[in-house]
Amino acid sequence: MYKEYKTIREVVGPLMLVAGVEGVKYNELVDILCENGEVRQGKVLEVNGDKAVVQLFESSQGLQIARAKARFLGHAQQLAVSKDMLGRVFDGMGNPRDGGAPVIPEKMLDINGEPINPAARDYPNEFIQTGVSAIDGLNTLVRGQKLPVFSMSGLPHAELAAQIARQAKVRGSDSKFAVVFAAIGITFEEAQYFVEDFKRTGAIERTVLFTNLANDPAVERIATPRIALTCAEYLAFTCEMHVLVIMTDITNYAEALREVSAARREIPGRRGYPGYLYTDLATLYERAGRIRGCKGSITQIPILTMPEDDKTHPIPDLTGYITEGQIILSRDLYKKGINPPIDVLPSLSRLKDKGIGRDKTREDHADTMNQLFAAYARGKESKELSAILGEAALSDVDKLYAKFADAFEKEYVAQGFDTDRSIEETLDLGWKLLKILPKSELKRIREEYIEKYMKE
């Protein structure tokens, strides 16, 4: 039986104090029943003795606390899940936004999820093809991995997110592949871009889209990624699908967390973010992975814009600690007209070795990857040297490396947002570019591979 209280004492912004409560729990859902029959929802933020602080999911404007009642529902926020969610668009709270009927639930799941037993986790070791050469060839994504994209304001991370959502696939597997896309705190135009892009390309059929808009309440923004991950867990571990979760923009999520923390008058940590930001982000990112004996899996690509383009800002900094690498977008490459502007040198996938090689991608993948990294790094050094001392200061080999760096950016990295390259095309393109260099410079590739793949 629900408990109802007429003891709402005060409302400050989205926060409400209810006195004389019993048995109320943190995160519990609350219905605020107004005299005119209107029902507003909120959740318990804090319990102190017989007082509960409730955060409303919407505005408190026009609420008459003397006549309103607070009904505590006895459970945390839940999501109605079903396989029919595929192909649908929902708002940040899991309500249909596409004009369709509400989902008929096969299960009701707590959006905070259940922790995966570490002993039951299986190691990520299967290649996921995104169709983007700079990721597949050099910073490979592996099934069950968490690989964030660090972007900067104004860069086309939305286009890259849509491209990966359209193109991603697990090769050589008969398991179904699904994408759960969570758009957090974005504008209406951005939300429309994702919906229309997925509909235009047919990707919507295997996608569940959750869109939380910039004018939605902060507390809804905190729920959106959890709702998306709950849907992903159902598709992965109950329906045995490979699920790719793309969340953009995690920076908006952290800003909402800071806003709620300030409303609760908590002591701020670095740059005003709450001291538990690391723990809170970990509760999202660690909901990725594989479980032994289960065919399904969750792979995560969180996308965040670095405030002031600063890699040491708390959000990218803590994200880097929790996740297994990062894909970094570069403003300099973007200014050169290179799209997607992925800067491969500071980017990293810590699990790439586990998803490449014979029977996964191709036997020459690891060697060519190392050689391309080394050649591109030296080519950039040669170009910097040429800019300072003039081209005459470069040796003939250095000039070839500089030529390689230009060709690498224009042909390998700059593939546009509509090109879907198979891993074989990406590897063959790498070999084509390595022909610019003398064979004597290919010190990181085994002789047998040079003979087999270095076609004239």
Side-chain angles (χ1 to χ4, degrees), residues 27 29 43 55 57 76-81 85 88-95 97 109-116 145-151 157-158 161-162 164-165 178-187 190-191 194 207-214 216-237 243-261 273-274 276-289 297-305 314-316 318-324 326:
N27 254 348
L29 274 189
K43 72 170 183 177
Q55 169 129 18
F57 289 148
Q77 196 173 344
Q78 293 179 321
L79 177 68
V81 291
M85 295 175 90
R88 299 287 306 273
V89 182
F90 300 91
D91 67 11
M93 299 298 274
N95 305 309
R97 192 167 242 161
L109 297 178
D110 184 335
I111 68 160
N112 298 300
E114 293 179 11
I116 299 175
Q145 183 178 5
K146 329 176 257 299
L147 186 63
V149 174
F150 289 1
S151 182
H157 50 268
I164 292 171
V179 176
V180 174
F181 198 102
I184 307 160
I186 62 170
T187 62
E190 282 179 293
F194 287 126
T207 305
V208 188
L209 202 65
F210 294 93
T211 55
N212 163 265
L213 301 181
D216 289 331
V219 75
E220 178 178 312
R221 203 152 302 148
I222 292 169
T224 303
R226 290 181 167 81
I227 282 173
L229 286 162
T230 303
C231 171
E233 283 168 350
Y234 172 75
L235 294 174
F237 303 131
V243 185
L244 176 65
V245 181
I246 299 175
M247 299 186 285
T248 179
D249 182 335
I250 293 294
T251 301
N252 294 336
Y253 169 82
E255 298 288 348
L257 207 63
R258 179 164 68 174
E259 194 179 316
V260 170
S261 174
Y273 293 95
Y276 50 80
L277 179 63
Y278 180 92
T279 316
D280 196 278
L281 289 173
T283 62
L284 299 182
Y285 299 146
E286 290 299 339
R287 288 172 76 173
S297 64
I298 296 178
T299 308
Q300 268 188 33
I301 300 185
I303 297 173
L304 55 93
T305 46
I315 306 167
L318 297 177
T319 295
Y321 280 122
I322 302 163
T323 54
E324 291 117 13
Q326 69 274 336

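Excluded from the calculations below are hydrogen atoms, water molecules and symmetry mates; all remaining heavy atoms, backbone and side chain alike, are included.
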Check side-chain hydrogen bond (donor to acceptor under 3.5 Å, both in side chains) between Arg88 and all other residues, then give those that pass, not counting sequence neighbours. Asp98

Is the shortest side-chain heavy-atom distance between Ile303 and Asp249 below 4.5 Å? no

Test ring pair (Phe, Tyr, Trp, His ring centres under 6.0 Å) applied to Phe181 - qualifying residues, sequence neighbours left out: Phe194, Phe198

Return yes if a side-chain donor-acceptor contact under 3.5 Å exists between Arg258 and Tyr253, otherwise no. no

Got Tyr285 and Glu324 here, is their nearest side-chain heavy-atom distance under 4.5 Å? no

Is the number of heavy atoms from other residues, nucleotides or ligands under 6.0 Å of Tyr321 OH greater than 12? no

Going by heavy atoms in the side chains, are Leu257 and Asp280 under 4.5 Å from each other? yes

Check each of Leu79, Asp91, Val81 against Ile227 using the side-chain contact (heavy atoms from CB on, under 4.5 Å) test, and report the only one that passes. Leu79

CD of Gln77 to CZ of Phe57: how many Å apart, nearest 0.5 Å? 4.5 Å

Find the distance between CG (Leu304) and CD1 (Ile184) and round it off to the nearest 0.5 Å. 10.5 Å

Salt bridge or not for Glu286 and Lys146, using N-O below 4.0 Å? yes

dist Thr230:OG1 -> Asn112:CG (nearest 0.5 Å) comes out at 7.5 Å

Any idea which heavy atoms bring Gln145 and Ala288 closest together, and the distance? O-CB, 4.5 Å

Given side chains that start at C-beta, do those of Val208 and Phe90 come closer than 4.5 Å, heavy atoms only? yes

Do the non-hydrogen side-chain atoms of Val180 and Phe210 ever get within less than 4.5 Å of each other? yes

Using a 3.5 Å distance criterion without hydrogens, assess whether the side chain of Arg221 forms a donor-acceptor pair with backbone atoms of Leu213. yes

Exam field: side chain Ser151 to backbone Thr305, donor-acceptor pair closer than 3.5 Å: no

Rounding to 0.5 Å, atoms OG (Ser261) and CD1 (Ile222) come to a distance of 9.5 Å

Heavy-atom closest pair, residues Ala183 and Thr224: O-CG2, 4.3 Å

I would like to know whether Leu281 and Ile250 meet side chain to side chain contact (heavy atoms under 4.5 Å, CB included); could you show each step before the answer? CA-CA 9 Å; Leu281 289 173; Ile250 293 294; 4.0 Å; yes

Note: Arg97-Asp216 ion pair, threshold 4.0 Å (strictly below): yes

Does some side-chain heavy atom of Val243 sit less than 4.5 Å from a side-chain heavy atom of Val179? no

Indicate yes or no: at least one non-hydrogen side-chain atom of Thr323 is less than 4.5 angstrom from one of Leu147. no

Are Ile315 and Tyr273 close enough that some pair of their side-chain heavy atoms sits under 4.5 Å apart? yes

Look up atom OG in Ser297 and atom CG in Leu235, then write down how far apart they are to the nearest 0.5 Å. 11.5 Å

Give a yes or no answer on whether the side chain of Arg287 reaches the backbone of Thr283 with a donor-acceptor pair at less than 3.5 Å. no

Let's go through Leu109 and Glu233 carefully: what are the C-alpha distance in whole Å and the side-chain angles of both, what is the deciding distance for side chain to side chain contact (heavy atoms under 4.5 Å, CB included) to 0.1 Å, and is it a yes or a no? CA-CA 10 Å; Leu109 297 178; Glu233 283 168 350; 5.8 Å; no

Drop me the distance from Ile298's CD1 to Leu244's CG, to the nearest 0.5 angstrom. 10.5 Å

Classify the side-chain pair Glu220/Asn212 by whether it contains a donor and acceptor separated by less than 3.5 Å. yes

Search all heavy atoms of Ala223 against all heavy atoms of Met93 and return the closest pair with its distance. CB-SD, 4.1 Å

Determine whether Ile301 and Val245 satisfy the following criterion, side chain to side chain contact (heavy atoms under 4.5 Å, CB included), listing intermediate values before the conclusion. CA-CA 6 Å; Ile301 300 185; Val245 181; over 6 Å; no

